[in-house]
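Counting starts at 1 for both ligands and their atoms, following the listed order. Since the structure is predicted, the reported quantities are computational estimates derived from the model, not experimental observations.
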Amino acid sequence: MQVASALDVNAIRRDFPILDQIVDGKPLVYLDNAASSHKPRQVIEAISRYYLRDHANVHRGVHELARRATEAYENSRTRVARWVNAGDAHEIVWTRGTSEALNLVAFSIGQARVGPGDEIVLSEMEHHSNLVPWQLLAARSGARLRYVGLTDDGHLDLDQLEGLLGSRTRVVSLPHVSNALGTINPVREIGAMIRSRSDAVYILDGAQGAPHLAVDVRAVGCDFYAFSAHKMCGPTGIGALWGRRALLEEMPPYQGGGEMIEKVSRQSSTWAEVPHKFEAGTPNIAGAVGMAAAADYLEGIGLDAIHEHEMALTGTAMGLLAEVDGLRILGPASPEERAGVIPLVIDGTSAQDLATILDAQGIAVRAGHHCAQLVVDRYGLSATTRASFYLYNSNEEVHRLAEGVRTAREFLLS
Ligand code: PMP
């Protein structure tokens, strides 16, 4: 089976030297992209250039390097704002990643808007990063967590969501794309449903959305969107929270320190303008530069082409793996309804053993609950083996995966 790809994968792979290596005597097949993606030379060079020429602390000095660093940092904010089609760069708050972005919004919106008896709606599809911060808020505020369930084929149960929405709903926080099932959620339709039935703040965990799909936060109609650079060819330790400006202004700060204040006196302080109010201390300037370079790189290739390529790889993988006896793939049956995430289950075997046997063939996948314990619980499992694709994966690698799974199955069930 041949993939009709929109991408020149061989040319793309030349930008990623890390992919060109031998593991256990076999060429590396990296299929752990949902956990973290690799970085092209262009991103690594942008970070090096910044440190070799321009580094200083931002927003503080009047000297040339401070000016250059501040310009690089703020231009990166503008670049990343464009990535999600934000109306205004001031609506982008730099964070350490999706987890910190979701903790920030849970803490601050929680303080501003959530009290005893209020309801926070999540789903059984959550990554723990979009679950534990809300549990902490519920414990602090006396609010109640409600959960949208999942259908057998890995979709959110939208009828149930509709029934949960009402005058007590303060927050609805859901994933754009599931890291454990691959499901792409109908976030625009969900936004319209929330607006028609409640005044809730609508938050999206975009960790698996922003790297793979063209995101337009204004068209989706959400209030916050959280994402990480390291899953979109950027560095670790940096990510962003997009939020509507009026809400960001209403929210209290998340952390205190330098740069987030307007005026400090002995007993109290006033806050800097949004977004600086949320950015205490010296930020990850080189990370911001790297995230912007990653956005440039991916845009140069084209997100629609990347998504089409991933869908084609997913279709091929699902076709080949369907021929393996006793193997199940969780999530939607159609490649069009999912991102390039394939959670595999061979009943009667351990997910960890399958990943270990694949590793011995040079194939990197992830086994476990993928920080989404409610998902594996929902399907009566404790773990899955997850393969996940990105722009640099080839058709040949999908065939290696299918061959590897066949070999592993024979070994495990013999
Ligand atoms: N949400 C989802 C859906 C994810 O896949 C991840 C990363 N595995 C996160 C949140 C957390 O992202 P980070 O570790 O970059 O903070």
Side-chain angles (χ1 to χ4, degrees), residues 30-39 43 80 83-84 93-107 122-136 147-148 150 154-156 172-185 187 190 203-213 215 220 222 224-242 254 278 284 287-288 290-291 294-295 310 330-332 338-343 364-376 378 383-390:
Y30 186 81
L31 302 179
D32 194 16
N33 294 290
S36 201
S37 67
H38 289 301
K39 327 301 167 200
V43 167
V80 167
W83 188 251
V84 291
V93 180
W94 295 116
T95 64
R96 282 192 295 123
T98 306
S99 301
E100 189 179 47
L102 292 167
N103 275 279
L104 187 166
V105 72
F107 179 88
L122 310 172
S123 77
E124 288 180 347
M125 203 187 268
E126 300 320 321
H127 185 283
H128 299 162
S129 291
N130 194 34
L131 196 161
V132 181
W134 300 110
Q135 289 180 336
L136 295 172
Y147 284 90
V148 183
L150 300 178
H155 289 288
L156 292 174
V172 180
S173 194
L174 297 170
H176 185 179
V177 173
S178 162
N179 68 310
L181 295 168
T183 318
I184 300 173
N185 290 318
V187 287
I190 290 172
I203 299 158
L204 285 171
D205 168 354
Q208 302 291 342
H212 302 279
L213 303 168
V215 177
V220 166
C222 57
F224 293 93
Y225 193 94
F227 53 117
S228 301
H230 71 97
K231 294 186 200 278
M232 51 177 276
C233 295
T236 53
I238 185 86
L241 175 70
W242 168 80
Y254 172 54
F278 296 106
N284 183 353
M291 188 168 187
E310 290 170 356
L330 300 189
R338 60 196 299 157
V341 173
I342 312 236
V365 296
R366 174 68 52 111
H369 52 58
H370 315 292
C371 301
Q373 274 188 310
L374 299 191
V375 173
V376 288
R378 162 65 178 81
T384 68
T385 309
R386 180 185 71 185
S388 51
F389 306 129
Y390 210 5

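Side chain of R338 to main chain of P332: a donor-acceptor pair is present (N/O by atom type, distance under 3.5 Å, no hydrogens or angles).
Here F278 and Y254 keep their ring centres 6.0 angstrom or further from each other. Aromatic ring centroids of Y390 and H38 lie 6.0 Å or more apart.
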List, for ligand 1, each N/O atom that has a protein N/O partner under 3.5 Å away, with both atom names and the distance.
unit_1: ligand 1; atom_1: 1 (N); unit_2: D205; atom_2: OD1; d: 3.1
unit_1: ligand 1; atom_1: 1 (N); unit_2: D205; atom_2: OD2; d: 2.6
unit_1: ligand 1; atom_1: 5 (O); unit_2: Q208; atom_2: NE2; d: 2.7
unit_1: ligand 1; atom_1: 8 (N); unit_2: H127; atom_2: NE2; d: 3.2
unit_1: ligand 1; atom_1: 8 (N); unit_2: K231; atom_2: NZ; d: 2.8
unit_1: ligand 1; atom_1: 15 (O); unit_2: S228; atom_2: OG; d: 2.6
unit_1: ligand 1; atom_1: 15 (O); unit_2: H230; atom_2: NE2; d: 2.8
unit_1: ligand 1; atom_1: 16 (O); unit_2: T98; atom_2: N; d: 3.4
unit_1: ligand 1; atom_1: 16 (O); unit_2: S99; atom_2: N; d: 2.9
unit_1: ligand 1; atom_1: 16 (O); unit_2: S99; atom_2: OG; d: 2.7

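Side-chain atoms of S129 and T98 form no donor-acceptor pair, as typed in the model, at a separation below 3.5 Å. In this model, no donor atom of one side chain and acceptor atom of the other lie less than 3.5 Å apart for H230 and S37.
Ring geometry for H369 against H128 counts as tilted: the plane angle lies between 30° and 60°, on a 0 to 90° scale.
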